[in-house]
J.: 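Below are the structure tokens for one structure; questions will follow.
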Amino acid sequence: MMGKSRFLTEIIAVVVVIALLIVAGFLFIKKNKTAASSWNLPGISQIGNVNTPSGLTGPENQAKAATLSPDKIIEWTNYYREQEKIAPLTKNDLLTTAANTKTNDMFQKQYFEHISPDGTTPAQLVLQTGYNYKATGENLALGDFTDEKDLVDAWMASPGHRANIMNPEYTEIGAATGLNDYEGRNTWLAVQEFGHQAPNCTKPNQTLSNSIDQEKTDYQKLADQMNTLSTDAQTLANQANEKTVEGNQIYASTHSKTKAQPYWDEGASLQTQSQQKMDQAKTIDLQLKTLYSQIDTNVKKFNIQVSSYNDCLKK
């Protein structure tokens, strides 16, 4: 009887230890899953304002300019900026290319919108020329303007277009004009592309970002494995306890170790299996702690790069 009691006591002690280990394992998983889910990497995208007021529709007159010089449009634009003591805009070849592309595209596809029928936005158009902007804007005009001043005055009379012309953040400009058929009429289309080039800043390391994403995926897989092992260990421990109790009940009623021993043996086997599962869970627990520290270090390093990049862009 003393042997039976001692054996039961040992089994109960093992079960308690296993249960405590499982609880500790679950706590670690819960803590680390929360930490992992809080790693939201800041997005890197084209920054800055993109101002695109609705296109300006001008007069329909028989008398219209025979020519509208883009360079004179820029001169009148700078004239009005200088009246407000705003630095003049410098002509930029890439923005000029974008303005010409926009003008030709509107005539060819017969539309008068900032976004082309194929979905190209003014910002995308500017980027496609190789102009990496910090801020950009676009003015459009359609109508029978008598000269360059008449055209710029029409833009200046429109609050949204005037805001682009007078925006001190813009430092460069490209302009284009075209006289052609639009919806059955021979008329002018004019485009201004404004810009402020982004500084040459070192972007955050994309390889490091990709590595963090992979590490987070690996972490989650390991956490799931540990969760499964802990659950299996608990199930086996419960089964071991049930078999041991059943063997004890048989011994108590029959006083036969021979009849009780198979249940005790099965309980011991299940206990061993439970311990093996828990040992595997503990091994993964150590891996998780190491990986958690590695991810945390890399995220902090990446965030420093992002902060430095954003600070540079603000200059």
J.: Counting N and O atoms only, with roles assigned by atom type, does the side chain of Thr283 sit under 3.5 Å from a partner on the main chain of Asp279, one being a donor and the other an acceptor?
T.: yes

J.: Are Tyr133 and Leu127 close enough that some pair of their side-chain heavy atoms sits under 4.5 Å apart?
T.: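 Yes, side chains in contact.
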
J.: State whether the side chain of Trp188 and the backbone N or O of Lys64 hold a donor-acceptor pair below 3.5 Å, judged by distance alone.
T.: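 No; zero donor-acceptor contacts below 3.5 Å.
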
J.: Given Leu142 and Thr187, is the side chain to side chain contact (heavy atoms under 4.5 Å, CB included) satisfied, shown in steps?
T.: CA-CA 7 Å; Leu142 167 69; Thr187 190; 3.5 Å; yes

J.: Checking Glu148 side chain against Ile74 main chain: does a donor-acceptor pair fall under 3.5 Å?
T.: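 Looks like no, no N/O pair under 3.5 Å.
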
J.: For the backbone of Ala190 and the side chain of Thr177, can you confirm whether one donor and one acceptor N or O come within less than 3.5 Å of each other?
T.: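 Such a contact is absent between Thr177 side chain and Ala190 backbone.
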
J.: Under 4.5 Å between side-chain heavy atoms, counting indirect links through other Ile/Leu/Val/Met/Phe/Trp/Tyr residues: same cluster for Tyr79 and Leu151 or not?
T.: yes

J.: Hey, could you give me the CD1/CD distance between Ile115 and Gln124, rounded to the nearest 0.5 Å?
T.: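 Reported value, rounded in 0.5 Å steps: 8.5 Å.
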
J.: The test is side chain to side chain contact (heavy atoms under 4.5 Å, CB included); show your working for Val191 and Met106 and say whether it passes.
T.: CA-CA 10 Å; Val191 178; Met106 286 193 294; 3.7 Å; yes

J.: Under a 3.5 Å distance rule, please check whether Glu82 uses its side chain to pair with a backbone N or O of Pro88 as donor and acceptor.
T.: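 Pair absent, no side-chain N/O of Glu82 close to backbone of Pro88.
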
J.: Testing the basics here: between Ala176 and Pro70, what is the closest heavy-atom pair and its distance to 0.1 Å?
T.: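 For Ala176 and Pro70, the tightest heavy-atom pair comes out as CA-CG, 4.1 Å.
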
J.: Would you find a donor on one side and an acceptor on the other, under 3.5 Å apart, between the side chain of Asn100 and the backbone of Thr96?
T.: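 Pair found, side chain donor or acceptor close to backbone of Thr96.
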
J.: State whether the side chain of Ser116 and the backbone N or O of Thr120 hold a donor-acceptor pair below 3.5 Å, judged by distance alone.
T.: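 Yes; at least one donor-acceptor contact below 3.5 Å.
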
J.: Measuring from atom NZ of Lys216 to atom OG of Ser211, what distance do you get when rounded to the nearest 0.5 angstrom?
T.: 12.0 Å

J.: Would you check if the side chain of Ser293 reaches a backbone N or O of Lys289 as a donor-acceptor pair within less than 3.5 Å?
T.: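 No; judged by distance alone, with no hydrogens or angles, the pair does not exist.
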
J.: Before giving the answer on side chain to side chain contact (heavy atoms under 4.5 Å, CB included), spell out for Tyr251 and Lys257 the whole-Å C-alpha distance, their side-chain angles and the decisive distance to 0.1 Å.
T.: CA-CA 6 Å; Tyr251 182 80; Lys257 286 186 178 181; 3.3 Å; yes

J.: Do Gln214 and Asp218 meet the criterion of a side-chain donor-acceptor pair at a distance under 3.5 Å?
T.: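 Yes.
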
J.: If hydrophobic clusters are built by linking Ile, Leu, Val, Met, Phe, Trp and Tyr wherever their side-chain heavy atoms come under 4.5 Å apart, do Leu229 and Leu236 end up in the same one?
T.: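 Leu229 does not cluster with Leu236.
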
J.: Quick one: are Gln239 and Glu266 in side-chain contact, heavy atoms under 4.5 Å?
T.: no

J.: When you measure from the side chain of Glu84 to the backbone of Arg81, do you find a donor-acceptor pair of N or O atoms at a distance under 3.5 Å?
T.: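 Between the backbone of Arg81 and the side chain of Glu84 there is no qualifying donor-acceptor contact (under 3.5 Å).
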
J.: Check this for me: Asn200, atom CG, are more than 12 non-hydrogen atoms of other residues, nucleotides or ligands nearer than 6.0 Å?
T.: no

J.: To the nearest 0.5 angstrom, please state how far the CD atom of Gln276 sits from the CD atom of Gln271.
T.: 10.5 Å

J.: If you take all heavy atoms of Ile165 and Gln192, which pair is closest and at what distance?
T.: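 Ile165 and Gln192 have their closest heavy atoms at CG1-OE1, 3.9 Å.
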
J.: Name the orientation class of the two ring planes belonging to Phe112 and Tyr182 (parallel below 30°, tilted from 30 to 60°, perpendicular beyond 60°).
T.: perpendicular

J.: Look at the side-chain heavy atoms of Ile, Leu, Val, Met, Phe, Trp and Tyr, link any pair under 4.5 Å apart, and say whether Ile295 and Leu208 land in one connected group.
T.: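 Same cluster: Ile295 reaches Leu208 through Ile, Leu, Val, Met, Phe, Trp or Tyr contacts under 4.5 Å.
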
J.: What closest approach, in Å, do Thr136 and Tyr170 show between heavy atoms, and which atom pair accounts for it?
T.: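 So the two residues come closest at O-OH, 3.2 Å.
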
J.: Look up atom CD in Gln197 and atom CG in Asn92, then write down how far apart they are to the nearest 0.5 Å.
T.: 5.5 Å

J.: Going through the checks in order, is the side chain to side chain contact (heavy atoms under 4.5 Å, CB included) test met by Gln273 and Lys277?
T.: CA-CA 6 Å; Gln273 294 175 47; Lys277 294 282 187 182; 5.6 Å; no

J.: Got a second to check how far Asn180's CG is from Thr103's OG1, nearest 0.5 Å?
T.: 11.0 Å

J.: Tell me whether the count of non-hydrogen atoms from other residues, nucleotides or ligands lying under 6.0 Å of CD in Glu113 goes above 12.
T.: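 No, not enclosed.
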
J.: Quick one: does Tyr80's side chain get under 4.5 Å of Ile86's, heavy atoms only?
T.: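 No, too far: nothing below the 4.5 Å cut-off.
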
J.: Check the side chains of Tyr263 and Asn248 for a donor-acceptor pair under 3.5 angstrom, ignoring hydrogens and angles.
T.: no

J.: Side chains of Tyr131 and Glu172: is there a donor and an acceptor less than 3.5 Å apart?
T.: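 There is such a pair (donor and acceptor under 3.5 Å, judged by atom type) between the side chains of Tyr131 and Glu172.
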
J.: For Arg185, is there an ion pair with Asp144 - N to carboxylate O distance below 4.0 angstrom?
T.: yes

J.: Between atom CG of Leu125 and atom OG1 of Thr101, what is the distance when rounded to the nearest 0.5 Å?
T.: 6.0 Å

J.: Closest heavy-atom contact between Trp155 and Leu140?
T.: NE1-O, 3.1 Å

J.: Checking side-chain polar atoms at under 3.5 Å, does Gln261 have a donor or acceptor matched by the opposite partner on Asp265?
T.: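 On atom types as modelled, these side chains qualify, holding a pair under 3.5 Å.
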
J.: Spell out, as yes or no, whether a donor-acceptor pair under 3.5 Å connects the side chain of Asn238 to the backbone of Gln234.
T.: yes

J.: Search all heavy atoms of Glu169 against all heavy atoms of His196 and return the closest pair with its distance.
T.: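 Nearest pair, atom of Glu169 first, then His196: O-ND1, 2.7 Å.
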
J.: Identify the heavy atoms of Val152 and Trp76 that sit nearest to each other, and give their distance.
T.: CG2-CB, 3.8 Å

J.: Check this for me: Lys109, atom NZ, are more than 12 non-hydrogen atoms of other residues, nucleotides or ligands nearer than 6.0 Å?
T.: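 Correct, the count exceeds 12.
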
J.: Indicate, with yes or no, if Leu270 and Val245 share a hydrophobic cluster defined by side-chain heavy-atom contacts under 4.5 Å among Ile, Leu, Val, Met, Phe, Trp and Tyr.
T.: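 Val245 and Leu270: separate clusters.
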
